[in-house]
Number of protein chains: 2
Amino acid sequence: MARPRIARLSREIIGRAAIDYVEAGHNLQLVPLAHELEVSVSSLYHHVKGRDGVIQAMRQVLVAEYVPDVPVSEGADWATRVRGEVEATWRMYADHPRVLELMLTVVIDEPAVLRFYTSLVDALREAGVPDDEVLTTVEVLDAFTFGAAFDAMSPDEIMKPGEADGKLAELLSVHPVGRARNRLMFDRGLDLLIDGIRARVARGARGQ
Amino acid sequence: MARPRIARLSREIIGRAAIDYVEAGHNLQLVPLAHELEVSVSSLYHHVKGRDGVIQAMRQVLVAEYVPDVPVSEGADWATRVRGEVEATWRMYADHPRVLELMLTVVIDEPAVLRFYTSLVDALREAGVPDDEVLTTVEVLDAFTFGAAFDAMSPDEIMKPGEADGKLAELLSVHPVGRARNRLMFDRGLDLLIDGIRARVARGARGQ
DNA sequence: ACCTGAACACCGTTCAAGT
DNA sequence: ACCTGAACACCGTTCAAGT
């Protein structure tokens, strides 16, 4: 069999398989990926441009799945909307940290991502953030979300307990671990940033 | 010449050369790295454990260079100390974003990093952050710093200007780019987080 | 202990051949 | 258009041989 009646592969099929494969803890390698798909390696090249093309396909699949096409929690106050938008992106990252690592270098230009930025801009302007601070604030939210997602990959034992001093060791011993720890961190960070934005806007209004 | 009188290589020499090589925009490859050092590839294996060992050496060199052994801005108020500590780490990241990408998976267990965490814990406790929130707050600062460093790698053109809507396009057209943009973002983010911490402590003190 | 060249294994990519 | 097997180039790693 050389050319089957219906194509056995597609960008999406490859992307999804690659996500599963990477998230299972493997490095992204074309030979085993093709094996998983029960296809020869060279077949992949008819649908994606090599290894980088596979990564692009992975990104497309994830964005389509996680980043909504319509504004999140429309009608709600700005803080709720910021939280909703950022949370959707964060979930994509945090659910697939190993994929995220591969996507680092590629530029994201999905329309849904554009919509995401636009929503954040609207919410922040409504919050009272002055125009010349809006984009920087969006970037801050983005950077934190990104860092928080990476934190999901870090091992439970950040440092050997024996090495930590008294107070640090004491705090570490009662600190949550794993997904719960990461979730708590993300929520707290978002709280602090939103509180910070509120405080800054309030100060600005008073003219400082 | 098989064994020279004085060793031509060392962990540090290799680490430093690798940092320069990667920061120059190349992928980390042992053949050209060895060429740069005027050694054969196999010579590297007498000092570091393969490619991963080279990455470890890079990390060691950077931490020794950037993360101070003693607390930063000792005696100053907590906010200044937090800012000082975080800034040192951030500078390491932001000056070497390509190296950072390689260090993602390795666990950092340098003593200086432990000292860094301890200093942050002290400063936050002094700020009035309750014990059971201190570590989470440290993690938030860490995640933001990390994300801000990665942002330094992202291209100037996040999205094609034509694609952006009215307000977003307008804001983008007057937005700074490059290092200035990244620096502004980092400073703003740290401001917002510190303001957020202050607000949260103040609310807590009032018993909410 | 430290450096070398050669051999090896692995993996991404290309291409002519098949339907 | 879509799949295949073989050939190729590249690169990390090992090892016996040299001082």
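The chains referred to below are lettered A, B, ... by the order of the sequence lines, with proteins before strands, and numbering in each begins at 1. Computed from heavy atoms alone, side chains included, the values below leave out hydrogens, waters and symmetry copies.
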**OP:** Please assess Arg98(B) against Glu101(B) for the test salt bridge (charged side-chain N to carboxylate O under 4.0 Å, His left out), listing each intermediate value before the final yes or no.
**Re:** CA-CA 5 Å; Arg98(B) 287 161 192 284; Glu101(B) 198 180 346; over 6 Å; no

Can you name the atoms? Protein N/O to nucleotides 7-9 of chain D N/O, anything below 3.5 Å, with the distance.
none

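- Considering every non-hydrogen atom in both Pro68(A) and Ala112(A), the closest pair reads O-CB, 4.3 Å.
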**OP:** Mind running salt bridge (charged side-chain N to carboxylate O under 4.0 Å, His left out) on Glu133(A) and Arg125(A) for me, showing each step along the way?
**Re:** CA-CA 9 Å; Glu133(A) 298 194 359; Arg125(A) 294 185 70 215; over 6 Å; no

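- Tyr21(B) and His26(B) have parallel rings, their planes meeting at less than 30° on a 0 to 90° scale where 60° marks the start of perpendicular.
- To the nearest angstrom, P of dC2(C) lies 15 Å from CG of Leu37(B).
- Atom NE2 in His46(A) sits roughly 11 Å away from atom C1' in dA16(C) (whole-Å rounding).
- Put simply, the residue from Val54(B), Leu30(B), Ile55(B) that forms a side-chain contact (heavy atoms from CB on, under 4.5 Å) with Val48(B) is Val54(B).
- Relative ring orientation between Phe186(A) and Phe144(A) is described as parallel, the plane-to-plane angle staying below 30° on a 0-90° scale split at 30° and 60°.
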Please list, for nucleotides 10-12 of chain C, all pairs of protein and nucleotide N/O atoms separated by less than 3.5 Å.
unit_1, atom_1, unit_2, atom_2, d
dC11(C), OP1, Gln29(A), OE1, 3.0
dC11(C), OP1, Gln29(A), NE2, 3.0
dG12(C), OP2, Leu30(A), N, 2.9

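- In this entry the distance linking CG of Leu9(B) with C1' of dT4(C) reads 12 Å, nearest Å.
- Spacing between atom CG of Leu44(A) and atom P of dG5(D) amounts to 13 Å, rounded to whole angstrom units.
- In this pair, Tyr66(B) and His96(B) present their aromatic rings perpendicular. The plane angle is above 60°, beyond the 30 to 60° band.
- One can place CG of Leu33(B) at 15 Å from C1' of dT13(D), the figure rounded to the nearest angstrom.
- OP1 or OP2 of dC3(D) sits under 4.0 Å from a side-chain N or O of His47(A).
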Original post:
Where does DNA chain C pair, written as one dot-bracket string 5' to 3', with Watson-Crick or G-U pairs under 3.5 Å, ( ) inside the strand, [ ] for crossing pairs and | for another strand?
Top reply: ||.|||||...|||||.||

Subject >> From CA spacing to verdict: side-chain hydrogen bond (donor to acceptor under 3.5 Å, both in side chains), His47(B), Glu12(B) >> reply: CA-CA 9 Å; His47(B) 300 269; Glu12(B) 199 189 326; over 6 Å; no

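- The existence of a salt bridge linking Arg183(A) and Glu87(A) is confirmed by a sub-4.0 Å separation between a basic side-chain nitrogen and an acidic carboxylate oxygen.
- For the pairing with Ser119(B), the side chain to side chain donor-acceptor pair (under 3.5 Å) check across Glu74(B), Glu85(B), Arg81(B) returns one residue only, Glu85(B).
- The phosphate of dT4(C) (OP1 or OP2) has a side-chain N or O of Ser43(B) nearer than 4.0 angstrom.
- Distance check, rounded to the nearest 0.5 Å: CG of Leu141(B) to CG of Leu192(A) gives 8.0 Å.
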